[in-house]
Amino acid sequence: MILAFVAVIAVFLVVPLRRALISARIFKAFRRALPSMSQTERDALEAGTVWWEGQLFGGRPNWRRLAAYPWPTLSAEEQAFLDQDTDELCRLVQDWEATRQQDMPAPVWQFIKDRGFLGMIIPREYGGKGFSAYAHSQVITKLSTRSSAPAVTVMVPNSLGPAELLLHYGTPEQKQHYLPRLARGQEIPAFALTSPWAGSDAASIPDAGVVCKGSWQGREVLGMRVSFDKRYITLAPVCTVFGLAFRLYDPDRLLGGESDLGITCALVPHDHPGVEIGRRHFPLNAVWMNGPIRGQDVFMPLEFIIGGPKMAGQGWRMLMECLAAGRSISLPGSNTGMQKLTARAVGAYARVRYQFKTAIGRFEGVEEALTRIGANTYLCDAARIMTAGAIDLGEKPSVVSAIVKYHVTERARQTVNDGMDVIGGKGICLGPQNFLGRAYQQIPVGITVEGANILTRSLILFGQGAIRCHPYVLDEMHAAQQGNLQAFDRAFWGHVGYTVSSGVRAAVMGLTGSHFVSVPADVAPETRRYYQQLTRFSAAFAFIADISMGTLGGALKRKEKLSARLGDILSLMYLASATLKRYEAEGRQAADAPLMHWAIWDCMFRAQNAFEGVIANFPNRFFAMVLRRLVVFPLGRPYVVPSDRLGHDVARLLIEPSATRDRLTADVHLPTDVEEPLGALEAALLATVAAEPIEAKVKQAQRAGRFQFVAAADGGVDALWRQAFEAGVIDADEFALLQRRGVLRDKVIRVDDFPLDFGLKASLCDGAALREAA
Ligand SMILES: Cc1cc2nc3c(=O)[nH]c(=O)nc-3n(C[C@H](O)[C@H](O)[C@H](O)COP(=O)(O)OP(=O)(O)OC[C@H]3O[C@@H](n4cnc5c(N)ncnc54)[C@H](O)[C@@H]3O)c2cc1C
């Protein structure tokens, strides 16, 4: 018996023995189970870097590391650009007018180009602004509080427009030619990947080019004959140059390599012979330009390839590498902007609008919606800022970019929907007085683009996270692909030790309520428990992720519902971390604490539900039992929904002016003119708050019989105040304030009306005319 035990231990400890007797068999099975992967899938999985999410995935988040990441700030020049140029652009854009015209006026286009909005990410040496990712994100956020027209127009050239690709991969000649022109707005870029036949599965684009000889500028040169049919391309109708993704073939091996070279990215002038641009799609009443680009057998010289002929076939990797930066900024910025607008405007409206003689924001039902609006806005802004900071640290965090893209757009949808519910008919009737309806129309765009959300949640968040963030899986896969048993043995046994330790740690933390988890002494005391619980969840996640991969193997790719819930847990831990980081970075503002508490409590409750969802649906019931009873919830589930009391505190923050409200909605473009809906709302909120004690005084005097209210024949809303004034209950100033409140409230609650034909008989302009105007 003892001998047998010693023999078994020896097999495990003597590496060559272990490798030959155990690891070799597992290696064989692992290679069989490894799902087959195309080069494009491999490129997508391996692109980018791993950042804070790697800590959360690994089960032992180092909170000191989170604390040490710098919280981004703006340089003086960036701040001035945000406060002056961006604000001026906001003032210039009248969203309703632009919607009616279906374009921004020519002077606004010119302003965008002249002030360098299209070249924010282009370095100064090429004439660009050379802004940080954070500054770029701030500009997009602010523009989005005003109108999606300038926001989208500015964000595309600065994200996955050709500039990003040129910067990383362009030849010196391409950079010298295009970057200064793009920075000055002499070129308007677009990027054309999506085809009618390949949307989410973009790697399968049928658009193809064949390497061949042809005539270019009077000479015979080596080039490509490319056919393409692209749709949904933002800025296409007005672009002067576009990035084109297609599959390149070289059947005659003229380039000396493979015959199927793979996806290739080229930069094509809009007026290149054979290119067809011009008409426009109409994405949910958007003002910004979007349309198809087509071409049949278009001959292009090889120098059109971004990076030159040596980059033929490298397009997918290039796109995947660059996607992380843009995806971390554009949609998180624009969708947080819409949330800030909602928090600011809807909060004010809920105080100004009375029903049943009460401000609607004081009803518990409305409070629920306001609470979500406030906490989601706080959390999304935290995630947006922290992630932009990661880009500025030089990261290209592919998993994090998917997390913020998915969760910020989903929460923005919830926030804007909540806002629409709170403002009722005011949000539904479109027109210049409607401050939210246009955001509501545009919200689904963010859900669909840059990786449609269902796919992102089901396939990417955990699928890519599991491979990129896991401390051992990528090494195991590489070893298996290369047939390297030695490397596999090392990675595999490291993996086993890691899984066992995660499981034991999660179980111990579960049994002790994670009270003994060590947390840096200098975190805010009121957040200490969250750090402890997040460490526990992180260990439990590491274990459940390993059990899922170990028992389901390649089948996990098809178990999208399980994969999605695992992705939710990872994401929610990231969002909670960002919220904690923000709270610390902003100096632990006590007045903001309800926003932080509600957001984190909600994340933890949702993460707990996601754990429950995985366990309840886990195919192997034995492991499900082990997970639930021994590891994840040994003493039951620790979190309940955030309390109504806390929700009330959050909602209150939205309906009154305060430093917290200003911090929550920082950089919302706020017009001072009361003829603008937001200007009227702000003024009406202040007047309402000031009028409330006077109103109370009048009501009290009325109850005490100091005057008898006689309904006015004209039904005027001021009649009560006039009679109170005449009875000496209030003075002239108080009466004037109540009158002003009445005028402003009237402005705020009114909606627009139009002639029967809306005056909109003019047909849509064609692309050529628009390009002319731009
Ligand atoms: C307004 C707008 C602007 C755009 N701008 C550009 C641009 O500038 N350049 C460009 O190249 N493209 C652009 N796109 C294209 C955009 O990226 C695609 O629309 C997007 O990739 C989704 O493709 P699809 O619309 O064909 O949806 P489909 O691929 O048909 O997907 C439909 C649904 O199925 C889901 N789905 C698909 N596969 C899976 C799966 N395996 N698991 C779970 N769910 C899945 C998706 O999540 C989605 O919900 C734009 C699109 C729009 C609408």
Side-chain angles (χ1 to χ4, degrees), residues 35 38 40-41 44 102 148-149 151-165 188-207 228-239 241-246 263 265-268 270 277 280-294 315-316 318-320 322-323 326-327 330-331 334-335 401-402 405-406 409-410 413 441-464 555-565 567-568:
S38 64
T40 41
E41 276 181 293
Q102 277 304 305
S148 70
V152 174
T153 303
V154 167
M155 99 195 180
V156 167
N158 284 291
S159 62
L160 201 56
E164 178 86 9
L165 291 168
I188 298 201
F191 194 85
L193 169 65
T194 304
S195 95
W197 306 107
S200 301
D201 185 13
S204 69
I205 38 173
D207 314 282
F228 48 94
D229 181 2
K230 304 292 193 182
R231 66 174 180 180
Y232 302 155
I233 309 307
T234 303
L235 294 185
V238 292
C239 78
V241 62
F242 62 95
L244 176 69
F246 56 94
I263 292 178
C265 294
L267 211 48
V268 187
H270 73 104
I277 293 182
R280 192 175 168 179
H281 298 310
F282 197 21
L284 292 174
N285 211 11
V287 174
W288 40 273
M289 299 290 165
N290 185 279
I293 300 183
R294 300 185 189 96
W316 194 248
M318 287 158 65
L319 289 174
M320 291 301 108
C322 291
L323 184 65
R327 198 162 57 174
S330 308
L331 293 166
S334 57
N335 279 251
S401 73
K405 188 274 160 174
Y406 173 82
T409 56
E410 285 296 333
R413 168 154 69 179
Q441 284 186 311
Q442 288 295 291
I443 275 287
V445 175
I447 302 288
T448 297
V449 303
E450 293 197 14
N453 275 10
I454 295 179
L455 167 112
T456 301
R457 175 170 177 257
S458 314
L459 273 188
I460 309 291
L461 294 177
F462 181 73
Q464 195 167 12
L556 190 52
K557 198 173 163 184
R558 290 183 300 278
K559 286 265 167 213
E560 290 194 347
K561 292 176 190 167
L562 285 189
S563 174
R565 293 184 186 110
D568 288 346

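Every number for a ligand or one of its atoms is a count from 1 in the order of the listing.
Residue-to-ligand polar distances keep Gly451 apart from ligand 1: every N/O pair is separated by 3.5 Å or more. Residue-to-ligand polar distances keep Asn453 apart from ligand 1: every N/O pair is separated by 3.5 Å or more. Checked by distance only, ligand 1 and Ser200 come closer than 3.5 Å through their nitrogen or oxygen atoms. Taking distance alone, with nitrogen or oxygen atoms compared against 3.5 Å, Ser458 stays at or beyond that limit from ligand 1. Where the criterion is an N or O separation shorter than 3.5 Å, residue side chain and backbone included, Thr448 fails it with respect to ligand 1. Distances between N or O atoms of Leu455 and those of ligand 1 include at least one value under 3.5 Å.
With a heavy-atom cut-off of 4.0 Å, Thr456 does not touch ligand 1 at all. Residue-level proximity to ligand 1 for Leu459 is carried by the side chain, the only part with a heavy atom below 4.0 angstrom. Under 4.0 angstrom from ligand 1, there are no non-hydrogen atoms of His281.
Close approach to Leu193 involves these atoms of ligand 1, each under 4.0 Å from a residue heavy atom: 10 (C), 11 (O). Heavy-atom proximity to Ile233, at under 4.0 Å, picks out these atoms of ligand 1: 7 (C), 8 (O), 9 (N), 10 (C), 11 (O). Counting atoms of ligand 1 from 1 in the listed order, those under 4.0 Å from a heavy atom of Ala452 are 46 (C), 47 (O), 48 (C).
Between Ile277 atom CD1 and Phe242 atom CZ the span is 5.0 Å, to the nearest 0.5 Å. Expressed to the nearest 0.5 Å, how far CZ of Arg457 lies from CD of Glu410 amounts to 8.5 Å. Once rounded to the nearest 0.5 Å, the distance linking CG of Asp229 with CD1 of Ile205 reads 12.0 Å. Distance CG/Asn335 to CZ/Arg413: 10.5 Å, rounded to 0.5 Å. Note: Lys557 NZ to Phe462 CZ = 14.0 Å, rounded to the nearest 0.5 Å.
Contact check for Ser334 versus Ser148: no side-chain heavy atoms found under the 4.5 Å cut-off. Looking at Leu319 and Phe191, their side chains come closer than 4.5 Å, going by heavy atoms from C-beta outward. The closest side-chain heavy-atom distance from Trp197 to Ser204 is not below 4.5 Å.
With Lys405 contributing its side chain and Val449 its backbone, the two residues share a donor-acceptor pair below 3.5 Å.
For Trp288, the closest heavy-atom approach to ligand 1 falls below 4.0 Å.
Residue nearest to atom 21 (O) of ligand 1, selected from Gly199, Ala236, Ala245: Gly199 (by heavy-atom distance). Comparing Phe191, Trp197, Tyr232 against atom 19 (O) of ligand 1, the shortest heavy-atom distance belongs to Tyr232. With atom 41 (N) of ligand 1 as the reference point, the heavy atom nearest to it among Arg231, Gln442, Glu450, Glu560 is part of Glu560.
For atom 23 (O) of ligand 1, a protein heavy-atom neighbour is found at a distance under 4.0 Å.
When all heavy atoms of Pro162 and Gly243 are compared, the closest pair comes out as CG-N, 3.9 Å.
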